[in-house]
Each structure stands twice: as C-alpha cells, then as structure tokens.
Amino acid sequence: MTVALVGTGVAEAVSKSIPGSILASDEKTVVVSADKLYPAAEFLKTSEFAFDYLANLTSADYLDYFEVVYHLVSLKKNHSLVLKTRIYGREAPAVASVVPLWRGAELQEREVFDLMGISFEGHPNLKRILLWDGFPGHPLRRDYL
Amino acid sequence: MKSEPEQKSKRSKDKKRVFGAGIARGLRVTMKGLLGRAITTSYPEHKLVVSKRFRGNEFVWYPARCTGCSTCAKSCPHGNIEVVTRRGNNAYEVEKFEIDTGRCMFCGLCVESCPYDALCLGRGYELAKYRRGDLVLEKEAMQESEKRKPSGYFRPKIEKTLPAQTLLIERAGRKSRKKKESVP
Amino acid sequence: MEATETRTEPFVINLGPHHPSTHGVFRMRVTFDGEVVVDVEPMFGYLHRGIEKLAEGRTYTQIIPLTDRLDYLASMTNNWGYVMAVEKLAGVPVPERAEYLRVIVGEMMRISSHLLATGFLINELGAFFTPLMYMYREREKILDLFDMLCGQRLTYNYMRVGGVSHDPPPEFWPAVKRFVREMPGYIDEYEGLVTTNEIVLARTKDVGVLSKELAINASASGPFLRATGVDWDLRRDDTYSIYDRFKFDIPVGTNGDVFDRYMCRIQEMRQCCRIIEQALQQIPRGEFRARLPHLVRPPAGEVYGHIEAPRGELGFYLVSDNSIAPYRFHVRPSTMINLTTLRDLTIGWKLADLIVIFGSIDVVLGEIDR
Amino acid sequence: MEVAGIPEVYSSRELNLAEGAEIERLRCTATQPVPEPSEWLDEGDIEKNILLTTVERMIHWGRHYSTWPVNFGLACCAFEMISLAVSRFDISRFGMELLRASPRQADLMIVAGTVTWKMAPAVRRLYDQMPEPKWVLAMGVCAISGGTFRESYSVVPGVNCIIPVDVYVPGCPPRPEALMYGLMQIHDKITSADTTKDLKLPRLGGARQR
C-alpha cells in the first residue's frame, strides 16, 4: 500500500534545504513557489525521499492563479506526495519544466501548455499537442467561452 | 523473461525432425476448425437473441404513464430529450416528447431516472435511415407496438418476460460437464 | 550503418492519421535514412474530443458515460477508476457485493483488452487477421456476458457512485464460471500457435528494448513497465478495492523487449482467470448499490484516484467545489505517457520494426487524445 | 527532424502551421450539412422502371455484391466494425472481403467514430480519393451528429458537414448486426440507383431530361 506522506513534514525538510520555497502545506500537499519549483523538485528526487516516478502532472485554473499539480511516487520506498505550485497572472504564465528530472513530464507538460496555456521553461519541444496550430485560446481555462 | 515457451522451443529443436510433421500439425488445427461448431452468425437469416437488458437504438414511451415531469430530460447528459407540456385539466398534457436518436448515446440514464416507468429503451437495432431527419423520434414513433418492444433495462418486470440471450460461450465452448451451478 | 558513404538522403513519411497499423488515428512523422528510422515525432489530437472540458458541465453521474469513451477497449476499468475517485472524494461506502462484481468485470475487461492487444500485435507481425479471429472469438464471449449484464457490447455505463447499476441475472454466473474454466485452455492454444513460432521470436526478441531506468523516469506503467523488470502493480502496491483478498502473481519481464510485453500480457490473462475464480467463490449476497441521493455532491476538495487499467495506471484527478459538477476533471492517460519513450525505442530500427514496437505499446487513441 | 549535413525543405513548425491553416479553413467553410444524395428516393415507380434494364441490372448486381469498404476506424465504433469483419459476424458473406487500407481500392466509406476538426481534412481527402461511384455510411451517433461530444470545441457536428452521407446507422456504438443492416440499406441503394445518371450520359428513350 502506497503511503501518502504528510505534507507538513516534507515541507519542513524542503524549506530546510531550500529556504523560502514553501508557500503552504497541509496534510496532503506541499505548495512551493513557482520560482523555486525546480530546486524543490530536484531535492525531492535526489534526497532521502527518492521520488523517482512522476505519476501525474496536471493543472487547474482558479481564476486568481493557476495551479500545476505533480503527483509524485517513490517506487523504491512506496510512498507518495502531492506537490503543487501556483502561478499568478493570466497573461503568459510560466514555470520551470521538470523534464530534466522526469522524462514522463514531457508529453503532459505539452498538454498543459496546449489546453491551459502555461508555458514550461526549459522544455525541449514545447508546442501544441492535442489541438492544431492556430486554435484560438486555451480551452481548459475557466474563462474560455 | 523466464518463460516456459523458451524451454519448449528448445525441446522442440532437440526432437528429431520428421518430414511433414509441421504440415500434419497445421492440418490438425485446420480440421479442428473445420469439424468444430461454427461460430459465425449468418445475420439476416439467423438473428441472435439480444440480451434481456439490451439497450437498443430506439425508445418505447408510454403516454398514459408519463406525467411530463421531465426528469429524463434533466438526467440526459447532453440535453437530448425535448419535453413540452401544456396544462390540461388536473394534470399536465405532454404536447411534445422528442428524442433525437442521431445524437443519443443510449446510456440509459433517462430510463434509470424515470419515476413512473414511462420511458423504456427498445430492443430494436435495425434502424439505419437514409435521411438524418428520420432519426428524430417523436411521440408516435415511440409508442409500444408489435415491432417496437421495450427492453428490460432497469425494468425488472419486463426483463422476466423476455427470451434468453444467445451466448457464444454455449455455442462454441468446449463440452462441459452438466452440473447444477449455484447462483451466488 | 557502417558504410556512411552509402547513406541516402533522409526522407519523411507521415504514418497516419489514417493507417491500418496505427490503432486508430495516430500519426507519426518519421524520418528515414534508407529504411532505418532516424527520427520519430508522435502527433496526437486527431481524436481530441474535449472530454475534460465537457465533464466540467455535467453532473458526477453524467460523466460516467463519458469515461466509457476514454479507453473504449477497457470501458469497465475506466468506469471503475472514475467512480472510485468520486467515492474517495465524497466518502461513500461501497457494498461488499459491488466490490466483488467490480473485480469480476474489471478482470474480464483486462482479459478482453489483452486479447486485442496481443491479437493486433501479431497482426502487425504479418499474420494478417488469423490470430485476430482467434482472439475475437474469446472476446465476443466476454462481450456477450457484458451485454447480459448491462445491455451494451462496448460502452457499458455499468458502475455507479456507490456500487454498480445492476445485479447480474442468474444465468450470468454459470456462464462466467464456464468462461473462467475454459479460458486457460484457449490461452494455451494461442501460445501453441504463436509463442514458439520462429518468425514471432525473430521479430520480437530484443526488438525495442526499454531499460528499467528509462521506464521509471518516463513514468511508464502497466505491462509496458513490468516487461522491463520493474515489479510495480497498483493492485498490489497501492491496493484498492478488495485486491488484498486475492492471491495472484504479477508477471514481470526481464528484458523489456516486444516479446516480454507480449508474454506479460499473456501471463496476466492467466492471473486474471485466477482472480475471477477466487472472486466467484467469495462473493457474498446482499446489496449491490449504496443508497445515495440522486445527485452526488462531494465536499470541496480534490482527489487523485488511480487504478491499474489494462494499459497502465489510469488516474482521475478531480477538484470539487461542493457543487453537482466537478470544478476540474483530469484523466491521467496511461498510454499517452507510455508513448514518451517511443522515440528512444524506435530509432535505429527499420520501418517494419517500428510498426511492431508501436503495436507492442498497445495504444488506444480515445484515451490518449480524450 | 534535423539530420546533420542535409538542409531541411520544410521545418516541422511550417508543416504544423500549414496543417492548422487548412483545418481552420475547412472549419470556416463547412458549417452547413451537405444534403443527403437521396433524390432517387422520391422518384416515381414509372421513372424507376424505365431502365437500360438488363445491362444496368447486371452492373448493379455485381456492384452491390462487391462493395469494398475502406478500413477507416476513428474511435470506439471502429472496434465494432472490426467485430463485423472477424469470425462471429463475417462480412465476407456480403462480398466485402477485406477492409481496404487504401481509399483508391474502395467504394464504401464507413465513418466509424467521432470526426474532429483536426481529422476533418483527412476525412475529406480520403473521400475525394475514392473512385466514383462511392457511398458513405455514417456509423454511430458521433459520426451522424457529433453525438455526446457535439458541443465540444473540437468536434465536427456530424460528418455530413464535410461529406454527403448515404446511410445513417444510429447507436453508440451500433451492434455489428445494426451495421450489417446499414450495409444492406446501402446495397438496396446501389441496386435501385440510376447508372446513366452516374455516367452523365444522355438517357435513352427520353424518359426524363435532367
């Protein structure tokens, strides 16, 4: 059975290593600031948490901010964590890509870019995936149509 | 992968090869197929009996039971059912009851939600049409008739009266010991 | 490719979107050097139907038919994954009998899906349509049983939040028992015809090898991941439903090539039969659907529910704002993420191998594009 | 798509943009349903009976027993179509031996599944590539009207916006038998069609001027 790690405990460890990266944390999730996402993710992968498997990457639009959600799993230790980041501003939201850490993010980040309009800096091939070039807007945003 | 087939293939290599053994083996498979019971249904002549709960591509509607409450229209995932009612004496009269079977996905949620058992799915599936407009079912095209029978989907009373379904497993399965099976 | 001076000018071939070997409307833009693949660019979206957006405007019950159409070769497991996520979100208890029914139909769905996967794989190896005829024979039996259960052959809409929609009719049980009894014999038959076939071995052994590290890094899942030797199955490692009550093995490959993926699927089918047999013995009588209000209204919050679908980890990410429709509905598509490594698998192989490697990943476009 | 030493003719980016432009163009133009080719349905009995009797009947007889469908699976319905082609419901019995992979060898297009705008130019092109005379069967409600995905931003509201449809088979997906019934409707249509009209020849006997 995969153990869901308590977010507050992980957040402490992350903030010790990367000060000022944690925005919020509760029992299930850790929310890191968008500019510290990559180091925080790198820490989670390489430290004793050993999150080697990115199960799911998605995003949600809360009108005030966009949330990018990473569901991390460690196959070795069989535990999981929900990592989140928040991006404020609706014009050209951007966050660092985690493809160098987990290749599995490659297509999922492209999908988020296509449907939600969040660009990932450092992605090797960021372009539309499901819709065609020239499609107006990003359909999964709440204010689309 | 540690697999038996690999060992098997080694074994078969070790065996002394007999000329024509492969062909004989192949022919055995062919003969088995030839002599076994055919599973193909010759459709227009022999029709399979569909399931008792079959969700056919038509609807059966009982005007006497329908109160025009439009629960079906609300539960339809894409608003495909159009109900127009008029106030009659002491009850609503259904003026228009229309389902576009060219759009319906026959999920059965409308049938499930109907509180008066007034709407059933049909058992017919031979409903190909030459014109798009012919697929829209109106009141008259949905009432029960000799050709249009209701299905037992979410209607256990109707389900009991329907004939048993043709199962391929009984037709093409290997011979099994006849044994009384218990129903869990 | 030792003699570099004989290299031809590379050319680009569009495989798909209409191509019989791409399992639907998948498209690959492949660059060839002679017959050798130099570059592959998978392109999706030819079946993008906007299910995630549509779901935001529908109630929780009305989404169930939409999930049928995601991975249309494994509709039952899609239903299951979705209703499990909603149950987790709303805290709805599920009756025992419903859990057993879900396991039985879920495992039957897995058999049916793997049958098609292996059938098409061998089809693409060149055994045109004959193996598919065998595989379809058994698949039709399963579809018949599902038809009996819920009246449709492909899109079932069987599960509901808090149970299943129907109790099986009495004639369902002997048919399932008979199916489970006969199925291992049929699997032997396929193996006799295919597994030791020299052409199959030559075309699949050591073709399209995926390493363990890359598989984990690229978030591969399902038989595709297990064939590389990673022993990871959500049914055991993140037990959901009642899988902890059954004894079953998880077939794991060693090499990560096409043959291992094929063998993983074949052996998984045998394990499915074992699980169904145990479930048939243990299933209790009783309620099959919890009594719930007509409209499910989960409390505000979010949930990620995942199950082991035939093609890998199928996840549903739901955000609720305490209304009757989800605020955000996201599907983690298992096969799309498996396709991340398509480029690594195929470069250096020939066109014919590209088709086989692609077939061994076993994609379903409804799930990739959504 | 870069291979060292050889200049690219078109970049991936350019190709994608060109594809997007074509999709948008089709999306802007295909807004109204194409009327069904069904004028023959309204023909009177007398008009139908004045034919180039024997030859025409022979042609139709041959044609309707060798309608080859193009193997064109789009979504869920494709698997019911394959069910139709394999062991249990064998369409070889109707002389439809194989699902042809190439549209150039086929005369029937079974549109099995949801047509999205991204796929629409390909559907249109495949239809154009089929030799005359050709028939189109819309299988399943997604192909007929967009079905449950009709209100989606990326789905064509019915394949009849792009190509004329001869027979509509409702169902989601229809059973193989339902599809077979649709195919038989196509056969009926073929046998009662008017060859001379297809061939654009002056009619003999002067029964009717078009």
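Remember, predicted model here, so these are calculated numbers, not experimental data. Excluded from the calculations below are hydrogen atoms, water molecules and symmetry mates; all remaining heavy atoms, backbone and side chain alike, are included.
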**Study point:** Check ion pair Glu177(D)-Arg153(C) (N to O, under 4.0 angstrom)
**Key:**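 Answer for the salt bridge query: no.
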
**Study point:** Asp147(C)/Arg175(D) ion pair, N-O < 4.0 Å
**Key:**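 Yes, Asp147(C) and Arg175(D) are salt-bridged.
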
Exercise for review: Select one option (side chain, backbone, both, neither) describing which atoms of Ala85(D) are under 4.5 Å from chain C's heavy atoms.
Suggested key: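 Both parts, heavy atoms under 4.5 Å.
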
Review point. Hey, does the side chain of Thr155(C) reach the backbone of Cys172(D) with a donor-acceptor pair shorter than 3.5 angstrom?
Key: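 Between the backbone of Cys172(D) and the side chain of Thr155(C) there is a qualifying donor-acceptor contact (under 3.5 Å).
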
**Study point:** Thr116(D) side-chain N/O to His48(C) backbone N/O, donor-acceptor pair under 3.5 Å
**Key:**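 Not confirmed, Thr116(D) side chain does not pair with His48(C) backbone.
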
Review point. Relative to chain D, which of Gln152(C), Met133(C), Met43(C) shows the most heavy atom pairs under 4.5 Å?
Key: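 Answer, by heavy-atom pair count under 4.5 Å with chain D: Met133(C).
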
Review point. Non-hydrogen atoms of chain D under 4.5 Å away: do they reach the side chain of Leu54(C), the backbone, both or neither?
Key: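 It is the side chain, since no backbone atom gets that close.
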
Point to revise | Phe44(C) versus chain D, the contacting section by heavy-atom distance below 4.5 Å | key: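 Contact with chain D involves the backbone of Phe44(C) alone.
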
Answer yes or no: are there more than 12 heavy-atom neighbours, outside [X] itself, under 6.0 Å from its atom [atom1]?
| X | atom1 | answer |
| --- | --- | --- |
| Arg93(D) | CZ | yes |
| Tyr65(D) | OH | no |
| Trp349(C) | CH2 | yes |

Practice item. Evaluate the criterion side chain to side chain contact (heavy atoms under 4.5 Å, CB included) for residue pair Asn16(D) and Arg29(C); output intermediate values, then yes/no. Key: CA-CA 11 Å; Asn16(D) 287 348; Arg29(C) 195 182 275 161; 3.1 Å; yes

Rounded to the nearest 0.5 Å, what separates atom [atom1] in [X] from atom [atom2] in [Y]?
| X | Y | atom1 | atom2 | value |
| --- | --- | --- | --- | --- |
| Glu52(C) | Ser152(D) | CD | OG | 11.0 Å |
| Asn123(C) | Ile82(D) | CG | CD1 | 9.0 Å |
| Phe149(D) | Leu66(C) | CZ | CG | 5.5 Å |

Quick one, [X] and [Y] - any side-chain contact, counting heavy atoms below 4.5 Å?
| X | Y | answer |
| --- | --- | --- |
| Tyr46(C) | Leu74(D) | no |
| Lys118(D) | Asp369(C) | no |
| Arg88(D) | Leu143(C) | no |

Practice item. Measure up the Tyr72(C) and Phe79(D) rings against each other and bin them: parallel (under 30°), tilted (30 to 60°), perpendicular (over 60°). Key: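 Tilted: the ring planes of Tyr72(C) and Phe79(D) meet at 30° to 60°.
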
**Study point:** Option in Asp90(D), Val70(D), Thr148(D) with maximal non-hydrogen atom pairs under 4.5 Å from chain C
**Key:**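 Highest number of heavy-atom pairs under 4.5 Å: Thr148(D).
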
Point to revise | Heavy-atom pairs under 4.5 Å with chain C, option from Ala122(D), Ala78(D), Cys77(D), Ser83(D) with the top count | key: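 Top option by heavy-atom pairs under 4.5 Å: Ser83(D).
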
Check your understanding: Of all heavy-atom pairs between Gly50(C) and Tyr153(D), which one has the smallest distance, and what is that distance?
Key ->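 Nearest pair, atom of Gly50(C) first, then Tyr153(D): CA-OH, 3.5 Å.
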
Practice item. Specify the closest pair of heavy atoms between Cys76(D) and Leu154(C), including all atoms of both residues, with the distance to one decimal. Key: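 The answer is O-CD2, 3.3 Å.
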
Check your understanding: Between Arg49(C), Lys53(C), Arg58(C), which is the residue that forms a salt bridge (Lys or Arg N to Asp or Glu O under 4.0 Å) with Glu151(D)?
Key ->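 Answer to the salt bridge (Lys or Arg N to Asp or Glu O under 4.0 Å) test with Glu151(D) among Arg49(C), Lys53(C), Arg58(C): Arg58(C).
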
